[in-house]
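One structure below.
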Amino acid sequence: MSQTPVTLEKIVSLCKRKGFVFPAADIYGGINGIYDFGHLGYLMKENIKNAWKKSIQNELGDIYFLDGSLIGPQAMWIASGHVENFHDPMIDCMNCKKRFRTDDDQIDVNKPCPSCGIKSWTDIRDFNLMFQTQLGALQDDSAKAYLRPETAQTIFVQFKNVLTTNRAKIPFGIAQIGKSFRNEITPKQFLFRMREFEQMELEWFCKDATSMETFEFWVQKRKAFYSSIGLDMSKIRMYQHPTEKLSHYSKCTIDVEYEFPFGFKELEGIAHRGTFDLTQHTKHSGKDLAIFDQETGLSEIPTVVETSVGVDRLFLTLLFDAYTEDEMDGETRVLLKLHPTIAPIKAAVLPLTKKISENAEPLYKTLKKQFTNIDFDDSGSIGKRYRRQDEIGTPICFTFDFQSLEDNMVTVRHRDSGKQERIAISNAAQYLENLLV
Ligand code: GAP
C-alpha cells in the first residue's frame, strides 16, 4: 500500500463532499472564518465532546458542569483583562486594503505587500479581538457588552454559585463546552483559526501549595486523552512557553502541539492561572470569591489550573491524522482511519443485493436501536459501498449475503485492512460493542 500526503485542500474538499462542514451562509458566498457543521460533522463533534467529558474525570476531585452565557457585560471583560490586553497587532496595506497580523502573517514592513506587491503600509496598531455589542436601546457605556472570547470567564464569575450549590470541596473542577467568538484579523486554515468556535475548558481549583504537582497531573492526563482517541502521538509535542511570552494571567503554560502539514501548532493550552482571575473579579465586582479553609482557618482565593482545547481545532486535527489515501484491489481509495469512538457512523449494514434488503433489515434495526448511528446502504456495487463508508471513517461493515439466509452469519469487513471475517448475526451487536469500548 502506498500513501500520498494529506493537504488542507483535500480535507476541505472531503468535508464539503461528504457533508461534515459547509461554509456558513454558503448560498450567499460564505463568511470568512465561520462554518456550519452538517450531519456527519455534528455527530463527530458530539463524539469528541463526549470523549472529552469522560477524559476529565479523575481521582483528585469532582467535576461540575456549567453552560454559561455567551454575552458578558463590559465590566466583566475589563476585570478579566480582555478589554486591555486581548488584541493582536495589525497592519493595513493602503493600496489593496488587505489587513494582516504582523506577528503571524510574516509581514516585513520594509518589504512590499505580499498581496499586491506595493509598499504602502499604515502604522502597526493593536486590534481588540472581542466582538462588541450593545444591550437594549441605550447607547451609553453601561449598555456595552461583548461576546465571550473564551468560556473560562463565565466559569470564574459563577465560581461561588457553583461551589455553594454543589457543596463542592477543594480541589474540584468546573468544566464547560461552548461557543467562543474572536474577531480574528486573518482567520485561516479552515477550522484552525475561526471567528466563531467551540471550546472545551476545565478550570481546576486547588490549593497553591499543590498547584505545580496538579499542573503536571493535568499535562499527563491531557496527553493520555490524545492517545486514547487514536491520535498519532509521534505528531504530538509539548511546548513550554518562555516566561517573557506568557499571557497576562499565566504563571506557566504548556501547549499540546500537533504537527499539521503547515507545521507544529497549538492544539490545546494548559495554563497555571494562579489566583489572577478570581482576584480580579473579586476586586471589580466587590463580591468576595475567597473560600474558607477549615484546616487553616483562613479565607483564601484558590489557585487555578486550566486546560483548554477547541472542539473545531481538535476536529480538524483528527481529520488530518485520519486522512489516508491508499490502493486497494487495484483502485485508489480515500479513507478516514478514525478511532471507533470518534467515527460519526459506527457501522453499516450492506445487503449484497437489493433482493435480500428486507432480510438484512432486522440486523440494521437491532444495531440502530442500540448504537443509533448505523447506516444501511443497498445501492451500487458492494465495492463502491465499502469506499463510501471508508471515506467517512465507518470502522466496520456487516455484509449480508445469500449464504446469510442459510447460516445466519454475516461478513464483517474492516475499514483499515479490508480484511473480512464471518460472525453469527446474533453476535453482531456484541462485536460492535467490543470495538467501541
Ligand atoms: N481560556 C484560555 C484560552 O482561551 P487560548 O489559547 O486562546 O486560551 C484555547 O485558546 C484553545 O482554543 C486553543 O488551544 C485552540 O484549540 C482553541 N482556539 C483558540 N482560538 C481559536 C480560533 N480562533 N479558532 C479555533 N479554535 C481556537
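All values reported here derive from a predicted model rather than from experimental measurement. Whatever order the structure lists them in is the order used to number ligands and atoms, beginning at 1.
- Phe260 and Phe262 have parallel rings, their planes meeting at less than 30° on a 0 to 90° scale where 60° marks the start of perpendicular.
- Ring geometry, Phe159 versus Phe172: the interplanar angle falls under 30°, so the pair is classed parallel (tilted spans 30 to 60°).
- Aromatic ring orientation, His272 versus Phe215: tilted (interplanar angle from 30° to 60°).
- Trp204 pairs in a side chain to side chain contact (heavy atoms under 4.5 Å, CB included) with only one of the listed residues (Ile56, Ile63, Ile170), which is Ile63.
- The only member of Phe376, Phe371, Phe398 that meets ring pair (Phe, Tyr, Trp, His ring centres under 6.0 Å) when paired with Tyr364 is Phe376.
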Please determine whether side chain to side chain donor-acceptor pair (under 3.5 Å) holds for the pair Glu268 and Tyr226, giving the CA-CA distance in whole Å, both sets of side-chain angles, and the decisive distance to 0.1 Å. CA-CA 10 Å; Glu268 166 160 354; Tyr226 292 113; 2.4 Å; yes
Starting from the N and O atoms of ligand 1, find every protein N or O within less than 3.5 Å and list the pair with its distance.
{"from": "ligand 1", "atom 1": "1 (N)", "to": "Glu150", "atom 2": "OE1", "distance (Å)": "2.6"}
{"from": "ligand 1", "atom 1": "1 (N)", "to": "Glu201", "atom 2": "OE2", "distance (Å)": "2.5"}
{"from": "ligand 1", "atom 1": "1 (N)", "to": "Glu306", "atom 2": "OE1", "distance (Å)": "3.3"}
{"from": "ligand 1", "atom 1": "1 (N)", "to": "Glu306", "atom 2": "OE2", "distance (Å)": "3.0"}
{"from": "ligand 1", "atom 1": "4 (O)", "to": "Arg182", "atom 2": "NH2", "distance (Å)": "2.9"}
{"from": "ligand 1", "atom 1": "4 (O)", "to": "Gln199", "atom 2": "NE2", "distance (Å)": "3.0"}
{"from": "ligand 1", "atom 1": "6 (O)", "to": "Glu266", "atom 2": "OE2", "distance (Å)": "3.0"}
{"from": "ligand 1", "atom 1": "7 (O)", "to": "Arg182", "atom 2": "NH1", "distance (Å)": "2.8"}
{"from": "ligand 1", "atom 1": "7 (O)", "to": "Arg182", "atom 2": "NH2", "distance (Å)": "3.0"}
{"from": "ligand 1", "atom 1": "10 (O)", "to": "Gln199", "atom 2": "NE2", "distance (Å)": "3.4"}
{"from": "ligand 1", "atom 1": "12 (O)", "to": "Gln199", "atom 2": "NE2", "distance (Å)": "3.2"}
{"from": "ligand 1", "atom 1": "14 (O)", "to": "Glu266", "atom 2": "OE2", "distance (Å)": "2.5"}
{"from": "ligand 1", "atom 1": "14 (O)", "to": "Leu267", "atom 2": "O", "distance (Å)": "3.3"}
{"from": "ligand 1", "atom 1": "16 (O)", "to": "Leu267", "atom 2": "O", "distance (Å)": "2.8"}
{"from": "ligand 1", "atom 1": "16 (O)", "to": "Gly310", "atom 2": "N", "distance (Å)": "2.9"}
{"from": "ligand 1", "atom 1": "20 (N)", "to": "Arg182", "atom 2": "NH1", "distance (Å)": "3.3"}
{"from": "ligand 1", "atom 1": "23 (N)", "to": "Glu184", "atom 2": "OE2", "distance (Å)": "2.9"}
{"from": "ligand 1", "atom 1": "23 (N)", "to": "Met194", "atom 2": "N", "distance (Å)": "3.3"}
{"from": "ligand 1", "atom 1": "23 (N)", "to": "Met194", "atom 2": "O", "distance (Å)": "2.8"}
{"from": "ligand 1", "atom 1": "24 (N)", "to": "Phe192", "atom 2": "O", "distance (Å)": "3.3"}
{"from": "ligand 1", "atom 1": "24 (N)", "to": "Met194", "atom 2": "N", "distance (Å)": "2.8"}

